[in-house]
Amino acid sequence: MKEKLEQLRAEVLERLEGIKDKKELDELKIKIMGKKGQLTEILRGMGSLPAEERPKVGQLVNQLRQELEERFEKAEAVMEENLKKARFALETVDVTMPGKKKRVGGLHPLNSVLESIIDIFVSMGFDVVDGPEVETDYYNFEALNVPSDHPARDTQDTFYLTEKFLLRTQTSAAQIRTMEKRKPPIRIISPGRVYRADEVDATHSPVFHQVEGLVVDKGITMCDLKGVLEQFAHEIYGPETKVRFRPSFFPFTEPSVEVDVTCGECGGKGCRVCKGAGWIEILGAGMVHPNVLSVCGIDPEIYTGFAFGIGLDRLTTTRHKISDIRLLFENDLRFLEQFSR
Ligand code: PHE
């Protein structure tokens with residue numbers, strides 16, 4: 001009997017060594033200690049022993065039971081501890097690891113300058129309207145009082161799609177579309193892309209951007225034009241900037257002006273940026289030609305207005321000291337990231 005118990009003990013201890021998971025452990029426990037387990041079996045067999053041996057054997061069996069119970073308990077505890085350790089290892093957060101940075105996009109410099117232009121005009125009560133980039137000859141030229149023999153109509157300057165359709169050469173087309181739909185008082189700006197068959201160089205691109213402006217109401221004069229555009233220039237370039245109005249010519253405005261501001265780089269002394277002039281041209285403007293008002297069904301005897309066309313690309317390059325307009329269109333991230341806010 002004693003040998004049997006010794007053998008069982010050795011067997012259990014050996015098997016406990018090799019156990020890998022909780023299920024195996026539970027199975028072994030039942031097999032040994034369960035109701036029909038090997039140890040219980042031995043206990044039952046005690047009935048056949050002579051009466052004087054029973055207490056001694058009983059003591060041995062109980063000792064073994066106690067020992068095995070303890071060992072099972074310990075094995076269980078070790079197993080649980082290992083499981084916990086494994087889970088912790090899996091869930092560990094290394095707080096010294098560098099974080100994952102979320103890359104956020106930024107505004108293209110053209111768009112951020114456009115946004116500040118829009119803010120300035122919206123604060124003066126202007127609406128923003130949109131116009132198509134594919135225009136008809138009527139909206140781009142004819143209704144704007146551009147005569148049919150005007151050099152701008154030449155195929156060398158304008159991208160014609162068909163005889164009637166073209167890529168707009170100026171946002172001024174939006175003036176006509178607006179005046180057809182709205183009656184005075186009108187106060188709008190219309191930003192967008194325009195196209196001209198220009199040779200590409202540091203200051204010219206076949207695609208560029210303008211922001212058109214139009215005000216039509218009773219009693220609008222050149223003073224309003226000067227006031228609004230001076231205010232605009234001061235807000236964009238700073239209050240110390242001087243603004244100059246030069247007589248010019250556009251078929252759809254009379255009188256017409258070109259507006260220059262003192263060069264932000266040299267303050268007007270003359271430098272590389274302003275090519276020694278001290279001034280930088282930023283827009284064309286004028287009082288809306290009576291013919292243009294009439295064509296849109298607005299009586300020029302009652303209403304007057306002014307219009308302007310801002311060169312957005314020029315404004316952006318001068319404001320950010322960008323030396324070449326082509327940089328605005330190449331989408332080189334190393335360039336663009338310098339402007340993301
Ligand atoms: N459309 C003109 C240009 O492209 C600019 C302009 C707009 C001039 C409105 C006067 C009034 O040069």
Side-chain angles (χ1 to χ4, degrees), residues 114 117 121 126-133 135-147 150-154 156-159 166-179 186-198 203-217 220-230 232-233 243-261 280-293 295-296 298 300 303-316 325:
L114 175 58
I117 294 177
F121 283 107
F126 286 64
D127 283 347
V128 181
V129 305
D130 206 9
E133 286 175 31
E135 264 299 1
T136 62
D137 178 86
Y138 178 77
Y139 287 105
N140 195 77
F141 291 129
E142 201 183 320
L144 283 164
N145 203 31
V146 181
H150 193 281
R153 292 201 181 206
D154 197 323
Q156 304 212 325
D157 293 317
T158 303
F159 291 113
L166 47 83
L167 295 178
R168 66 176 176 191
T169 63
Q170 49 187 354
T171 45
S172 299
Q175 288 184 31
I176 307 299
R177 290 187 176 273
T178 303
M179 285 190 279
I186 293 170
R187 242 182 288 172
I188 58 108
I189 57 168
S190 185
R193 260 186 216 123
V194 296
Y195 302 83
R196 280 180 209 176
D198 274 336
T203 52
H204 292 87
S205 158
V207 188
F208 56 104
H209 303 78
Q210 290 184 333
V211 183
E212 193 75 11
L214 175 70
V215 172
V216 183
D217 203 351
I220 299 289
T221 70
M222 196 84 181
C223 288
D224 300 298
L225 178 154
K226 285 189 77 176
V228 167
L229 294 180
E230 235 168 50
F232 164 73
V243 184
R244 172 170 90 175
F245 293 78
R246 266 184 299 115
S248 185
F249 174 81
F250 300 103
F252 38 90
T253 48
E254 180 58 34
S256 302
V257 290
E258 272 171 327
V259 177
D260 303 334
V261 293
I280 290 171
E281 183 197 323
I282 56 163
L283 60 89
M287 300 305 293
V288 181
H289 197 290
N291 289 356
V292 176
L293 293 172
V295 149
C296 300
I298 294 172
Y303 294 103
T304 49
F306 67 85
F308 54 90
I310 302 166
L312 178 60
D313 312 84
R314 172 73 66 85
L315 216 72
T316 305
I325 192 178

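Order of appearance sets the numbers: ligands from 1, and atoms from 1 within every ligand. Heads up: numbering here begins at 1 and tracks the sequence.
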Sub-3.5 Å pairs, protein N or O with ligand 1 N or O:
{"residue": "ligand 1", "atom": "1 (N)", "partner": "Q170", "partner atom": "OE1", "Å": "2.9"}
{"residue": "ligand 1", "atom": "1 (N)", "partner": "S172", "partner atom": "OG", "Å": "3.0"}
{"residue": "ligand 1", "atom": "4 (O)", "partner": "R196", "partner atom": "NH2", "Å": "2.9"}
{"residue": "ligand 1", "atom": "4 (O)", "partner": "Q210", "partner atom": "NE2", "Å": "2.8"}

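Of the candidates L229, L283, I282, I282 is the only one forming a side-chain contact (heavy atoms from CB on, under 4.5 Å) with V261. With respect to L312, the side-chain contact (heavy atoms from CB on, under 4.5 Å) criterion is satisfied by exactly one of T171, V194, I117: I117.
In this structure a side-chain-to-backbone donor-acceptor pair under 3.5 Å is missing from T169 to T158. Under a 3.5 Å cut-off, the side chain of S190 and the backbone N or O of V129 do form a donor-acceptor pair.
Geometrically, R168 does not engage Y139 in a cation-pi contact defined by less than 6.0 Å to the ring centre and at most 45° from the axis.
Side chain to side chain, Q170 and Q210 fail the donor-acceptor criterion of an N or O pair below 3.5 Å.
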